[in-house]
Every structure is written in structure tokens, then in C-alpha cells.
Amino acid sequence: MDFKLKHQPSYSLVELTMNQGEQIRTEAGAMVYMSPDFKVETKFGSGFLSAIGNKFLGGESLFINEYTASSNNAVLGLATDLAGDVAHIKMNESTLILQGGAFLASSPGVNIKPIFGGIKSLIGKEGAFLLKANGTGDLFYTSYGAIVPIEVDGSYIVDTGHLVAFEENLTYKLKKASKGLLSTVTSGEGFVFEFSGNGKLWIQSRVPDGFISWISRLLPR
Amino acid sequence: MQIDIKYNPSYALALVSLEPGEEIKAEGGAMVSMSSNVKIETHKAVKKQGLLKSLKAAVLGGESFWMNTFSVQAGKGDVTLAPTLPGDITKMAINGTVFVQSSSFLAGSTNLDFDTKFQGMKGFLSGESLFFLKISGDGDLLLSSYGGIEEREINGSMIVDTGHIVAFEEGLEYKIKKFGGWKSFFFSGEGLIMEFTGKGKIWMQSRNVTSLGGWLKKMLPPKKQ
């Protein structure tokens with residue numbers, strides 16, 4: 001499978017070129033265009049995005065689409081609802097943790113399971129479930145705004161709403177951005193994740209929540 | 001202090017590298033990520049200004065009442081900053097005074113002085129709160145815009161839609177006016193304009209928040225009573 005990322009970072013689109021028999025699983029509704037030589041099967045998330053109620057908890061649809069190329073050079077274009085970026089990672093018996101709504105597509109060798117992020121992600125209000133991707137193959141994930149890779153060596157702080165993904169060997173804890181209750185409320189920064197260890201993480205340059213509250217203010221009540 | 005801006009113009013992010021002892025102040029909520037040795041201090045937007053005046057700025061200007069100062073004592077530290085809206089970030093080195101449309105302020109050197117300047121009721125007619133921060137001194141300033149930022153040197157006069165103004169240099173005079181006669185004011189789609197005269201720079205944004213609001217209202221189904 002070959003891929004091209006186009007129109008980054010604002011209106012990213014990924015174009016896959018697949019050979020006969022190759023498969024890709026995508027978030028429901030992600031297909032923009034496709035050549036006729038695909039077999040498409042819509043599956044309930046079980047076994048793939050396995051937990052019941054994943055829609056509410058992980059920010060993902062309960063359904064996924066599985067595309068199987070029935071001839072060589074089959075072309076499939078994928079994009080997301082929000083304006084933003086798409087990133088690709090080649091997994092090699094590795095594990096990546098994704099923010100609930102960040103999944104776009106993956107090859108069959110990559111397993112995706114929701115994991116409970118714990119109370120810390122509840123307070124972080126970005127959804128209590130994170131997605132854990134592990135295995136070998138291609139993984140595509142998305143953001144609102146641009147995706148920014150960051151190498152962590154030691155420790156690093158990320159605003160909860162800006163987190164997209166991180167490597168499993170990083171540990172994290174939730175903390176207040178600034179000391180004291182008053183400044184937690186007044187600073188406008190709220191809660192942050194503090195990562196430690198050695199590994200890579202990805203952040204997004206905007207937060208959907210911020211965009212939504214801004215839009216809401218423009219609309220008639 | 002090293003400041004790089006990436007991912008512009010739609011989803012710009014400012015990457016700020018602080019050396020020991022350096023600091024930058026930013027609008028509340030602007031922090032995206034940072035090194036863990038960076039310290040945050042929360043304070044009023046205009047430090048020496050009374051509580052009441054700060055409140056006025058917050059209520060009328062749509063500006064955050066509080067700001068955060070990021071600093072490092074030992075070692076280097078990175079902070080990334082972004083506004084809420086989709087759009088660009090522009091870095092400018094100022095030496096003198098600029099007036100910044102209050103919601104366009106993202107961050108600046110801590111040695112810059114901040115004051116507020118109320119534009120009077122005229123500004124409210126347009127549905128945009130025309131409220132400016134008066135920023136003076138010698139330092140770096142980061143401004144955010146909805147859309148891209150267009151910089152223009154005025155020598156003579158120039159007319160700008162109030163919804164598109166981001167900032168202008170001191171030394172430029174301006175008047176807020178209707179666009180044409182009353183008929184144009186209501187039907188031209190232009191509303192209020194600022195007429196600048198003199199010599200100096202202005203910065204404008206390529207999209208207008210009020211217009212987006214109007215467009216969204218038209219696109220939405222009518223409200224059920």
C-alpha cells in the first residue's frame with residue numbers, strides 16, 4: 001500500500017493506492033473518493049473498536065468500513081469532518097495511544113481498542129476513553145488544526161485539549177497548569193498532562209471545544 | 001528569546017524558546033504545551049491598572065481579564081502558543097506604540113506596557129466591540145487574526161472595515177464612519193468603517209468574525225418557537 005498526504009495541514013486528505021487483496025479499515029464516513037475495484041464491508045465495531053458505548057466514550061463511530069482492493073492500483077481518498085491534519089505512522093510491533101476522536105484508518109495488522117484513561121482523562125474532559133493501537137502496519141490519525149510532533153526526553157507539559165497521540169513508553173499524569181486553585185480558574189489554562197520518559201508525542205494546534213464555544217457565541221440563542 | 005511561527009495561515013502555532021531569565025506574557029488559555037521547567041504566573045491583563053478598569057476591559061473588550069507570564073529560571077524552556085480561532089499569528093518587533101484590537105492580542109514581551117483605550121459607543125453600532133489595547137515599548141508582540149494577516153503602509157489615507165482591523169501604529173489618525181449614506185450603511189453589507197489618515201502601518205485580517213456569524217445564521221434552520 002502506498003499513500004500520499006495532500007492539502008496539509010488545514011484540509012488534509014490521504015490518498016491510498018492499494019494492491020489486490022490489501023485491506024484498510026476506516027472511520028465511518030471518511031471516504032471521499034474511490035475507484036470501483038473495492039469491496040466495502042460495514043462492520044459493527046466489535047472485535048475492532050470493541051467496547052460497547054465506544055461512541056460515547058471514545059469519540060468514534062460504532063461502525064467502521066473495511067475496504068478490500070479487488071485489483072491492483074485501487075485508489076481510495078480519505079478525509080475527516082473537521083478542518084485539520086492527517087498523520088501517518090508505520091507501526092512495527094509497537095503501541096500508540098490516541099485521543100478518543102483521532103482515529104482515521106488502519107491496516108488489518110493494527111489492533112485498536114478503547115482503554116479507560118482513568119479519572120484523569122475525565123477531568124481532562126476530552127473523553128474518558130483513549131484508543132490503544134498496537135501491532136504492525138499503517139495507522140492514520142487526525143487532528144483539529146496542524147499536528148505537531150514533539151520529542152520528549154525528561155518531561156513535558158501538554159494542555160489536555162491539544163493532545164493527539166503519544167507513544168506507550170511515555171507515562172503521564174494530570175495536573176493543574178498553575179499552582180493554587182485561584183490561578184487554575186483564572187489562568188484560563190485549566191488542566192494539563194505532564195508526560196515523562198523518553199518518546200514521541202503529537203499535539204494539535206487548535207482545540208475543537210474552543211472552536212465550538214466560539215461558534216456558539218455567534219449564533220442566535 | 002526565539003519565536004518561530006508554523007502552520008500558518010490557517011492553524012498557526014507560535015513556538016517560543018526561552019533562555020534562562022527570559023519571560024513572555026500571553027492571553028489566558030493560549031498555552032498549548034511547554035517544557036516542564038517553565039513557570040506560569042497568573043496576573044491581571046494590565047498589571048498596574050485598577051481592578052475596575054481591568055474588568056471594563058474584559059467586559060467591553062472581550063479580552064481575557066487575566067494573563068499568564070511564562071518564564072524559566074534555569075536551563076532553556078519551550079512554550080507553544082495558539083489562539084482559539086482558526087487563523088494566523090504575526091510576530092512584530094515594536095519600538096513605540098501600537099493599538100491592537102483587543103481580541104487579537106496573543107502574547108508579548110513582558111517589558112511592553114499595556115493600557116486600554118475605549119472607542120466609545122460608536123464601535124458597538126457595528127456589532128463589533130471596537131476596543132483597543134494600547135501597547136508601548138520596545139519588544140516583540142504576537143498578534144492573532146481570523147484568516148491571514150495583511151500588512152499595509154499608509155501614507156495618505158485608507159479605509160478599513162471595522163471587522164477586519166487587527167492593529168495600527170500610533171501616529172495614524174482615524175475616524176469611525178458609516179459606509180456612504182444611511183442607505184449604504186444598512187444595505188451595502190459594509191456597515192462601519194475606519195478612515196485612517198497620516199503615515200504608519202496597519203494590519204488587517206482576511207476574514208471577519210461578524211460576517212461569519214451572519215453567514216452561519218443564514219445557513220441554519222429557523223428556530224422552532
Which atoms of Pro9(B) come close to chain A, meaning under 4.5 Å heavy atom to heavy atom: side chain ones, backbone ones, both, or neither? neither

Quick one: what part of Val79(B) sits under 4.5 Å from any heavy atom of chain A, side chain, backbone, both or neither? neither

What is the distance from atom CG of Leu219(A) to atom CG of Leu220(B), rounded to the nearest 0.5 Å? 5.5 Å

Answer yes or no: does atom NZ of Lys4(A) have more than 12 heavy-atom neighbours from other residues, nucleotides or ligands under 6.0 Å? no

How about residues 78-95 of chain A versus chain B: which residues have heavy atoms under 4.5 Å apart? Ala83(A)

Spacing of Leu216(B) atom CG and Ile215(A) atom CD1 [to the nearest 0.5 Å]: 5.0 Å

Classify the side-chain pair Ser33(B)/Tyr156(A) by whether it contains a donor and acceptor separated by less than 3.5 Å. yes

I'd like to check the side chain to side chain donor-acceptor pair (under 3.5 Å) partners of Ser107(A); sequence neighbours left out, ordered by chain and number. none

Value for CD1 (Ile157(A)) from OG1 (Thr80(B)), rounded to nearest 0.5 Å, stands at 11.5 Å

Note: Asp159(A) and Met31(B) closest approach over all heavy atoms is CB-O, 3.7 Å

To the nearest 0.5 Å, tell me how far Thr84(B) OG1 sits from Asp209(A) CG. 11.0 Å

Which atoms of Gln204(A) come close to chain B, meaning under 4.5 Å heavy atom to heavy atom: side chain ones, backbone ones, both, or neither? backbone

Beyond-backbone contact of Val158(A) with Val32(B), side-chain heavy atoms, under 4.5 angstrom: no

Side-chain contact, heavy-atom cut-off 4.5 Å: Pro83(B) with Arg206(A)? yes

Among Ser205(A), Pro9(A), Gly210(A), single out the residue with the greatest number of heavy-atom pairs under 4.5 Å to chain B. Ser205(A)

Taking only residues two or more places apart in sequence, or in another chain, which ones meet Trp215(B) in a ring pair (Phe, Tyr, Trp, His ring centres under 6.0 Å)? none

State, yes or no, whether a side-chain contact exists between Trp214(A) and Val209(B) at a heavy-atom distance under 4.5 Å. yes

Report the distance from atom NE2 of His162(A) to atom CG of Leu13(B), rounding to the nearest 0.5 Å. 8.5 Å

With chain B as the partner chain, list the residues of residues 141-150 of chain A whose heavy atoms fall under 4.5 Å from it, by residue number, and write 'none' if nothing qualifies. Tyr144(A), Gly145(A), Ala146(A), Ile147(A), Val148(A), Pro149(A), Ile150(A)

Leu81(B) versus chain A, the contacting section by heavy-atom distance below 4.5 Å: neither

I'd like to verify something: which residue of Ser35(B), Ala12(B), Ser36(B) has the highest number of heavy-atom pairs under 4.5 Å with chain A? Ser36(B)

Where is the tightest heavy-atom contact between Ser10(B) and Ser10(A), given as atom of each residue plus distance? CB-OG, 2.9 Å

